[in-house]
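Atoms within each ligand, like the ligands themselves, are counted from 1 in listed order. In what follows, residues are counted from 1 in the order of the sequence shown. Just so it is clear, the values below take in all heavy atoms, side chains as well, and ignore hydrogens, waters and symmetry mates. For clarity, every value in this text was computed on a predicted model and none was experimentally measured.
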Amino acid sequence: MNITEEILKRRTFAIISHPDAGKTTLTEKLLLYGGAVQLAGSVTARKNQRATTSDWMELEKKRGISISSTVLQFDYNGYRLNLLDTPGHKDFSEDTYRVLTAVDSVVMVIDSAKGIEPQTRKLFEVCRQRGVPIFTFMNKCDRPMKDPLALLDELERVLGIGAFPVNWPIGDGFDFRGVFDRQTSLMHLFERTVGGKYRAPVSVGGVDDPAVRGQLDDTTFNKTVEELQMLEHAGEVFDDAAVLAGKSTPVFFGSASNNFGVQLLLDGFLKHAPAPKSRVMGGIEISPTNPEFSGFIFKIQANMDPKHRDRIAFVRVCSGKFERDMTVHHSRSAKKVRLSSSHKLFGNERETVDEAYPGDVIGLVGHDSFGIGDTLTTDPKILYKEIPRFTPEAFSYLHNPNTAKFKQFRQGLEQLMQEGVIQALYLRNSSVKTPLLAAVGPLQFEVVQFRLESEYGAASRLEAAPWTVVRWLPADMKEDELDALSLPTGSRIAYDVGKNPVVLFSNDWSADYFTKTNERVPLSALPVQTAKE
Ligand SMILES: Nc1nc2c(ncn2[C@@H]2O[C@H](COP(=O)(O)OP(=O)(O)OP(=O)(O)O)[C@@H](O)[C@H]2O)c(=O)[nH]1
Ligand SMILES: [Mg+2]
């Protein structure tokens, strides 16, 4: 196969939504229907089965929420899929936003009983800004749900995107029986399986097929037919161009936990989702078929597999062909590095990979100098600047109660900072050695504590810090200039890890006050990017 053929068969996408809409459940079911696992769900995590749940961290299992994104690569029907399950909770949104830079389309999951929730709306906005095509899965139709027409209306009204129902629910709640595929005019009636572990048995037939008709009560049947007629009257057709431009979203109804409508989503998605395309960086267009290899690191994660206590840099390949052992230019260090330990990823499992193509996400092990956002390429002129940065809004001291474990504590903290889970700040003119941690949300502190303990054997204790706002000062400010600043009560000057000065404020009001009293000192919500970045 040549590179163009390889690119055309790749689909790289993220699953996004508000917490709890069913992203991880849907991910597992896509693996089941994609043939990547035999049994879906928690059963797979048990012994003797391949451990494939996409939530791999101990803490995720305990809390039942995703706290980190997961990469799963598998082949299905002639396609190579790179699927990224993301966490919904806003405290982990930095990870989710980074993942969005690495994908070519997204599946947006909506809880049909709740409609569009706040976090879905925010993530949608990011996708729209990036022009990422969006496919919608209306999940949990097996529970009392909002009227399907009202759900479509909500997409248009709240998100301002056109909605085209590809399939339509037949019944809802306890009476949810299946979906009508509007592309083929066939009804798919499913049966529930225990725990949804296996594919749901399905019978397929036209609306007038007696075998199908006989399975539906009159009310459900009539309501469905009536709604379908209404949709036909509206006369909309599937518009691929509008979908690819992010102006319209194909909508699929179903229930991930019961495996209803999952196959139709998978097949419909693959039919219409885009293959990797060009990226524009600094005015230059880099086509995936460009013979020079290029990619960027969008995530770093340590200790994914207790068997290999090491650190993986996740790279999205953007152009050219990746070959194991190739030598590339590393943007941050401006040095040549040889990439010999490359892996394809499936949750916490990994396998050596010898070659990869645009669209693929690969894991590189053994490069301590790699950081989030770095470009790796055989053409040093290519430099990606994809990674969004977030301003921390939660601050806390982290104490080490056990001085004998000082080394583990330090090492663990440094590792987690490299992953971008948290930042550390150091108060100016302070004798206190306790690091002040800064994060997007407080749940990240909990993750830090948990991982310090389980991965590094270091206990820790949090102590609340009195600030909620951080602003960066001009990086070139001298010590005497810092001394001369007039600080509002309760605020403090500190330094980030790059020694850039910041001011910590107790609230927005205090930050505004500073701006008024120090008119010539511009504040910024993020560090001013250095040349290396
Ligand atoms: N009734 C019903 N429940 C579902 C369905 N799909 C998922 N759930 C349940 O919804 C809950 C949340 O599911 P997850 O898949 O963990 O949700 P998530 O979107 O990955 O959550 P975060 O990653 O924490 O944001 C679980 O209890 C699931 O069993 C469905 O189709 N019907
Ligand atoms: Mg999840």
Is Thr86 close enough to the Mg ion (ligand 2) that one of its N, O or S atoms comes in under 2.8 Å? no
Please report whether the ring centroid of His188 lies less than 6.0 Å from that of Phe180. no
Kindly confirm or rule out an N or O of Ala256 lying under 3.5 angstrom from an N or O of ligand 1. yes
Closest heavy-atom approach to atom 29 (O) of ligand 1 among Val262, Asp85, Ile65, Thr25 is made by Thr25
Decide whether a cation-pi geometry holds between Arg11 and Phe269; the criteria are a distance under 6.0 Å from NZ or CZ to the six-membered ring centre and an angle within 45° of the ring axis. no
Phe322/Tyr357 under ring pair (Phe, Tyr, Trp, His ring centres under 6.0 Å): CA gap, chis, key distance, verdict: CA-CA 6 Å; Phe322 168 85; Tyr357 291 91; 9.8 Å; no
The reported gap from CZ in Phe314 to CD1 in Ile297 (rounded to nearest 0.5 angstrom) is 11.0 Å
Numbered atoms and elements of ligand 1 in range of Ser66, under 4.0 angstrom, heavy atoms: 22 (P), 23 (O), 24 (O)
Side chain or backbone, does Ser257 bring an N or O within less than 3.5 Å of an N or O on ligand 1? yes
How does Arg143 reach ligand 1, by side chain, by backbone, by both or by neither, if only non-hydrogen atoms under 4.0 Å count? side chain
Geometric N/O contact Gly254 with ligand 1, under 3.5 angstrom: no
Side chain or backbone, does Asn258 bring an N or O within less than 3.5 Å of an N or O on ligand 1? no
Atom pairs and distances, side-chain donor-acceptor, residues 155-171, under 3.5 Å, sequence neighbours left out:
| from | atom 1 | to | atom 2 | distance (Å) |
| --- | --- | --- | --- | --- |
| Glu156 | OE2 | Ala163 | N | 3.1 |
| Arg157 | NE | Asp153 | OD2 | 3.1 |
| Asn167 | OD1 | Phe253 | N | 2.6 |
| Trp168 | NE1 | Glu227 | OE1 | 2.7 |

Can you confirm, on distance only, whether ligand 1 has an N/O atom lying under 3.5 Å from any N/O atom belonging to Asp20? yes
In Lys9, Arg10, Arg316, the residue satisfying salt bridge (charged side-chain N to carboxylate O under 4.0 Å, His left out) with Asp360 is Arg10
Could Arg213 and Phe221 be counted as a cation-pi pair, given that NZ or CZ must be under 6.0 Å from the ring centre and within 45° of the axis? yes
Does Gly22, backbone or side chain, put an N or O under 3.5 Å from an N or O of ligand 1? yes
Determine, using ring centers only, whether Phe390 and Tyr97 are less than 6.0 Å apart. yes
Side chain, backbone, both or neither: the part of Asp142 lying under 4.0 Å from ligand 1 by heavy atom: side chain
Verify the distance test for Thr27 against the Mg ion (ligand 2): any N/O/S atom under 2.8 Å, yes or no. no
